Number of protein chains: 2
Amino acid sequence: MLSFTEENYLKALLHLTMEIEDKVEAGTNELAFYLGVKPATATDMLKKLKEKKLIQYEKYGKISLSDTGRNKAVEILRKHRLWETFLYEKLEFTWDEVHEVAEQLEHIHSPKLVDKLDKFLGYPEVDPHGDCIPNAKGELKQSFKKTLSEVETGASCKMVAVKDNTAAFLQYVSQLNLGIDTPIKVVSRQAYDGSMEIMISGATINVSQKFAENILIV
Amino acid sequence: MLSFTEENYLKALLHLTMEIEDKVEAGTNELAFYLGVKPATATDMLKKLKEKKLIQYEKYGKISLSDTGRNKAVEILRKHRLWETFLYEKLEFTWDEVHEVAEQLEHIHSPKLVDKLDKFLGYPEVDPHGDCIPNAKGELKQSFKKTLSEVETGASCKMVAVKDNTAAFLQYVSQLNLGIDTPIKVVSRQAYDGSMEIMISGATINVSQKFAENILIV
DNA sequence: TAAAATTGTTAGGTTAGTCTAATTGTTATA
DNA sequence: TATAACAATTAGACTAACCTAACAATTTTA
Ligand SMILES: [Mn+2]
Ligand SMILES: [Mn+2]
Ligand SMILES: [Mn+2]
Ligand SMILES: [Mn+2]
């Protein structure tokens, strides 16, 4: 049985090696920074995870998940996203509130609970942030979606997910009347700073490039 | 913020000081045994809990919860029983399966989650084992119920709760077609070992004194 | 009431997960 | 290619939660 902490390291590694299309490795400092611990701490844990055959790793080398490690990590991601969906769909949580609580709930050990929760929710495919929920077999539909910042000026698209899951960002998005499935039209763009004018259900608003890079569209 | 372990000590103390009508104190060995740790370990924790003003305790003396400690403990009990109810009512768990998972879920920190869960469940008053669920104000309806073993021969009663929450006991009870609200009639009794013959919906069965002592009735 | 039994504490160790400071290995750059 | 910058590891410490073994206090009981 994995500890709370070990699970978090595996989940972090899955995140770091899934972010960018063909990135499959992570570094010690990168991992430590992501988890908010010191590199020395991460090194200790990496030795343990290697010992348990959950990662591939050599001293001074890059880190990648083993098949077992990846499966564990995907299982945790599945739980995380199912719980987020539960909180959002059944308990009236807003999409900026679910993540924090799901960070705790994802560590509950009970295969039956996960399956029953999945069933209770009607086998959802995406969580409140538009992220894919891995299925019971541990299959994760990996899609590298385009961001709003990549949409051509004048073109239209539809928001399908968000990249940033912080409460501050999510609240800002909601405040703009923007949500999953909202149609967006890119009206104009500033070459200077990449900010853009977008149209959401009739209203035109101005958003920064940083903002646009965190809205995933189709 | 209390740790997982500190919460378990407080919960154990609440249990031990609530069991019997006017018992309000517990001993170190008793506590350690209940938690499955060594007395030396419990002593360490007792010092810490005293330091945090969660218990009243003097070296070589008896232990009791302070008001703050009791409130924390009741809050955990509330979460435990709400989660058991959720698993039973919404996720098709059986009453012998809920406790184990609730032992984990009771440590999730989120006031909003507890309140929303309570609302989602329709503000239940009892859990699947017939135990009272403390309300949002932390009020716990304390009732010292009679056990089946105390019912006079020939008299009838109704099962309202169980005292033992182990899977083995609960499965046995279910197997006997016995559950919350089932009417029971005490047919006869053996003076020798306290075993009794009881009638449940027409069928007569024989149960041990130990069994009867764990069925709470009204 | 003194000895025995029971109950509880202390001392000293272990492991997991964290830290800082010092050091070593790798990569980039002048 | 030598050196500077960066990335990663090691050594040594700390805390929380546990342990065993030894000891001390309290309670029981003969
Ligand atoms: Mn999340
Ligand atoms: Mn999400
Ligand atoms: Mn329970
Ligand atoms: Mn219960």
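Sequence lines set the chain letters: A, B, ... in the order given, protein chains first and strands last, and positions in each chain run from 1. Keep in mind that what you see is a predicted model, and the values were worked out from it rather than measured.
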Roughly how many Å is it from [atom1] in [X] to [atom2] in [N], rounded to a whole number?
{"X": "E58(B)", "N": "dT26(D)", "atom1": "CD", "atom2": "C1'", "result": "16 Å"}
{"X": "I63(A)", "N": "dT9(D)", "atom1": "CD1", "atom2": "P", "result": "7 Å"}
{"X": "L31(B)", "N": "dT6(C)", "atom1": "CG", "atom2": "C1'", "result": "17 Å"}
{"X": "M45(A)", "N": "dT15(C)", "atom1": "CE", "atom2": "P", "result": "16 Å"}
{"X": "F33(A)", "N": "dT18(C)", "atom1": "CZ", "atom2": "P", "result": "16 Å"}
{"X": "D44(B)", "N": "dT14(C)", "atom1": "CG", "atom2": "P", "result": "16 Å"}
{"X": "L35(B)", "N": "dC19(D)", "atom1": "CG", "atom2": "P", "result": "10 Å"}
{"X": "L49(A)", "N": "dA16(C)", "atom1": "CG", "atom2": "C1'", "result": "13 Å"}

### Query
On DNA chain C, nearest-nucleotide positions of K62(B) versus F4(A): which is more 5'?
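The answer here is K62(B).
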
### Query
Relative to the 5' end of DNA chain C, which residue comes earlier, K38(A) or K59(A), by the nucleotide with the nearest heavy atom?
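It is K38(A), whose closest nucleotide lies nearer the 5' terminus.
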
[N] phosphate, OP1 or OP2, under 4.0 Å from [X] side-chain N/O:
{"X": "T28(B)", "N": "dT9(C)", "value": "yes"}
{"X": "Y60(B)", "N": "dT6(C)", "value": "no"}
{"X": "K47(B)", "N": "dT9(C)", "value": "no"}

What nucleic acid atoms does [X] come within less than 4.0 Å of, heavy atoms only: base, sugar-phosphate, or nothing?
{"X": "A40(A)", "value": "base"}
{"X": "T5(B)", "value": "sugar-phosphate"}
{"X": "T41(A)", "value": "base"}

### Residue pair K47(A) / Y57(A): nearest heavy atoms and the distance that separates them
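Heavy atoms only, the tightest pair is N-CE2, 4.3 Å.
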
### Task
From the options dT20(C), dG8(C), dT24(C), select the nucleotide whose nearest atom is closest to the side chain of T43(B).
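For T43(B), the side-chain atoms sit closest to dG8(C).
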
### Message
By nearest atom, which of the nucleotides dC19(C), dA7(D), dC18(D) is closest to the N29(A) side chain?
### Response
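Nearest nucleotide to the side chain: dA7(D).
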
### Query
With respect to H129(B), which candidate in R81(B), H99(B), E84(B) satisfies the side chain to side chain donor-acceptor pair (under 3.5 Å) definition?
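The option that passes is E84(B).
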
#### Entry: Within 45° cone and under 6.0 Å: K163(B) NZ/CZ vs F169(B) ring
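No, K163(B) and F169(B) do not form such a contact.
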
### Message
Going by salt bridge (Lys or Arg N to Asp or Glu O under 4.0 Å), K11(A) matches just one of E75(A), E6(A), E106(A). Which one?
### Response
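Among E75(A), E6(A), E106(A), the one that satisfies the salt bridge (Lys or Arg N to Asp or Glu O under 4.0 Å) with K11(A) is E106(A).
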
### Query
How would you list all residue pairs meeting salt bridge (Lys or Arg N to Asp or Glu O under 4.0 Å) that involve residues 134-143 of chain B, not counting sequence neighbours?
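Every pair satisfying salt bridge (Lys or Arg N to Asp or Glu O under 4.0 Å) with a residue in residues 134-143 of chain B: E125(B)-K141(B).
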
